[in-house]
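Working notes for the structure below.
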Amino acid sequence: MNDALQKIFLDPFRGFFENVLDFLPHLLTSLLILLLGGLIALALEKMFTKLFRAVNLDRVSEKYGIPEILRRGGIKEPVSFIFSKMICWLTLLIFLIISLNALNVTTVERLLEKFFLYLPNVFVALFIVFMGYILSNFLGRTALIASVNAGLKMSGIIGKFVQFTVFFLSIAMALEQLGIGKETVLLSFGIIYGGVVLALAIAFGLGGSNAAREYLEKRIKGEDEKDDIQHL
Amino acid sequence: MEDVTNTKIADEVQERLAVITEADILVGIPSYNNAGTIGHVVRAVQAGLAKYFPGKKSVLINSDGGSTDGTVEAVHRASIEDFHSIFVTHNKRDFFKISIPYHGIPGKGSAFRTIFEIARRLNVRACAVVDSDLRSITPEWIDLLLRPVIELNYDYVAPYYLRHKYDGTITNSLIYPVTRALYGKRIRQPIGGDFAFSGDLASFFLEKDVWDTDVAKYGIDIWMTTTAVANHFRVCQSFLGAKIHDAKDPATDLSGMLYQVIGSTFDLMEIYHDVWKNIKGSEPVPTFGFRYAVGLEPVIVNYEKMIEKFRLGAKELSTIWKTFMPDDLHDFIHNELSRVPVRSFNIPDDVWAAIVYYFALACHGKKINREHLLKSLTPLYIGRVASFVIDTWNSSAAEVEEKIENLCISFENKKELLVKNWEGKTDSKGEQPK
């Protein structure tokens, strides 16, 4: 009876207890690594905040209109603050991965291995989207100002069209980098973009044929309503 | 980096310069596709030199930007055959004419750089530059421009013309008031296009490393005037009469032109901050020449179309302006001016001065991309010109001049706003930093 009880109840408990005892040092190491990572991350954040301020990163970024773009996205913090935070969180993430590895659990190790192999793709994709966002805003505004100065009434639409086209292109590139529906994404982008251009061409051809004729006649015959003002 | 004082001059021209060795006067004519007018300009210059400076060794340099309409050939052809019909004596031996293509960024500034380089090589005492699209230039212009340098030791002679009230609107509404308020000198045509300067000043210009900037294009005129004034060279102006010139190519982009001129003005504000920050008010500069009234060609103006362009800009670009303008100013532009009837459309002088100063501050503070910022000024400038046209529709030349004088006073009175905000006492919107 005692043997049966021992086999049914006590042995599993003992086994579990021994496993826990085996696991505890790993857990402790893992927690220590995480704690150390947290401290290093905070120290790096402070160090990089000072460094970025010393090299005037905020002023340089203002030159390229980055804070303005971030403000539009609802981010009011300066670029130096954002970059320092990013370094902090990246350090913490690295230490989290090391600490998970220190747990010595096979399943976690396999998952981490896959994650590590995929991670560079995620970073590249994020970088592509970030750069695409900045470039799309810049080119969109360039197109908007140029079309306003040319007196085009559809300036707003032209600016947005350029902005979204560049941004969607960057998203398509990022998805391709992540390996998500490689051909599908590119094909659908091509179809949508081609469709929009074709739709605009048909709309202009059918709906705006008179306007197009008038415009071309004015250009060819020089009947544009220009004034004689000499600005310089 | 290329040596700023050593432009590329063709071997053939080098040989001619070696023969000439040195000269007293150099007259430069920058050109680009001006075959229709340059012959007249060359003849006027030649006659002016022969009539007013007969004893001086003179060189005429045409610095061409690669014209394809026969401009260079027109320069070679242009000559006064019968000098006796103009004056009694003439010494042909002391006049040389050279046409040379310039190198570097295409633009008027690069053409001037070549002229400065030759002036230095020939060790000239006085140098003048005149536009190649002039139809109203006479031999007297050469005398009026060069004599203050040669006989009165002035270093820089700016032109003073009579122009139609709607000609030179960038000068009247922007560059003259800003330059006058900043540097305290009433130079009426700071970007006139026809100037004279001493050989020393030409060498001083040449030493500056600005030839890869907008100075190499339309920015050259304001750069020369500001450099002369801010560096305390002796400056005066000469009354030349009417300025009538060929209409600019309609394809010339106003926004690009404005960007280059105002961009150069703002860049110079950075360089000469220590000079302009303490200057209050302004003083006249010595003016030579006999003033007289002339008839001017009428100018067709479509102010309704201009207001339309302004309103399009106010609708689409106000988010850009809002980032550096105070709310009340932004609201006035975005809301009030968009609603008023065309005939009542008015951008008052002090509002316009504030707009220009806030643009200068935003450019100084690098708030947004420089090109975006400066090109977004175009609709506001067009709006101001429309407002000026409505305001002066029935005004005489004298009344218009009075209105421009009032605008200049507004710029001078508002200068404190610029000075305070420039040094970071407040941010560009005029608010105290937290």
Side-chain angles (χ1 to χ4, degrees), chain A residues 55-79 134-163 218-232, chain B residues 163-164 166-171 173-175 191-193 218 221 243 245-248 250 252-259 261 297-306 308-309 312-317 319-320 323 365-376 378-379 381-382 385 389:
Chain A
V55 297
N56 251 333
L57 183 71
D58 293 328
R59 208 167 166 82
V60 175
S61 64
E62 272 174 8
K63 195 175 170 183
Y64 294 97
I66 297 171
E68 194 202 345
I69 294 165
L70 293 173
R71 268 197 296 275
R72 259 195 241 165
I75 302 165
K76 289 175 183 168
E77 286 75 17
V79 172
I134 289 176
L135 196 67
S136 67
N137 275 293
F138 183 83
L139 294 178
R141 197 161 68 183
T142 304
L144 173 70
I145 294 170
S147 45
V148 164
N149 288 341
L152 302 177
K153 285 181 180 159
M154 289 170 70
S155 306
I157 296 169
I158 293 168
K160 288 278 177 234
F161 179 73
V162 171
Q163 185 184 353
K218 273 183 186 173
R219 295 293 292 181
I220 293 164
K221 292 179 185 171
E223 290 173 0
D224 203 7
E225 295 165 19
K226 285 202 178 299
D227 47 44
D228 279 352
I229 280 198
Q230 290 292 311
H231 297 275
L232 274 184
Chain B
R163 300 174 80 168
H164 188 278
Y166 305 138
D167 189 12
T169 43
I170 290 182
T171 303
S173 58
L174 256 175
I175 303 301
I191 54 171
Y218 282 115
D221 297 327
K243 177 170 182 171
H245 56 110
D246 262 8
K248 287 262 182 310
T252 308
D253 171 31
L254 165 65
S255 157
M257 205 156 65
L258 188 64
Y259 167 67
V261 177
E297 291 183 343
V299 171
I300 301 163
V301 183
N302 183 348
Y303 63 79
E304 286 177 351
K305 196 178 161 192
M306 291 168 118
E308 214 174 277
K309 279 192 175 178
L312 177 67
K315 184 180 151 214
E316 301 292 351
L317 304 181
T319 48
I320 297 176
T323 57
K366 298 181 171 61
K367 285 278 166 192
I368 57 173
N369 176 275
R370 185 176 181 272
E371 189 168 347
H372 286 173
L373 175 77
L374 297 181
K375 287 196 170 171
S376 78
T378 310
Y381 161 75
I382 292 174
V385 174
V389 169

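Each chain gets a letter, A, B and so on, in the order its sequence line appears, and its residues count up from 1. All values derive from a computational prediction rather than experimental measurement.
Distance check, rounded to the nearest 0.5 Å: CG of B:L312 to CG of A:L152 gives 8.0 Å. Rounding to the nearest 0.5 Å places CZ of A:R141 at 11.0 Å from CD of B:E371. Taking NZ of B:K309 as the reference point, atom CG of A:N149 lies at 8.5 Å (rounded to 0.5 Å). In this structure, B:T319 OG1 and A:L144 CG are separated by 7.5 Å, a value rounded to the nearest 0.5 Å.
Proximity of a side-chain donor or acceptor of B:N369 to a complementary backbone N or O of A:F138 within less than 3.5 Å is not detected.
With a 4.5 angstrom heavy-atom cutoff, B:E308 touches chain A only via side-chain atoms.
The minimum heavy-atom distance between B:E316 and A:S155, with the atom names listed, is CG-CB, 4.3 Å. Here the closest non-hydrogen pair linking B:G313 and A:V148 is CA-CG1, 3.6 Å. Of all the heavy atoms in A:I145 and B:H372, the pair that sits closest is CD1-O, 3.5 Å.
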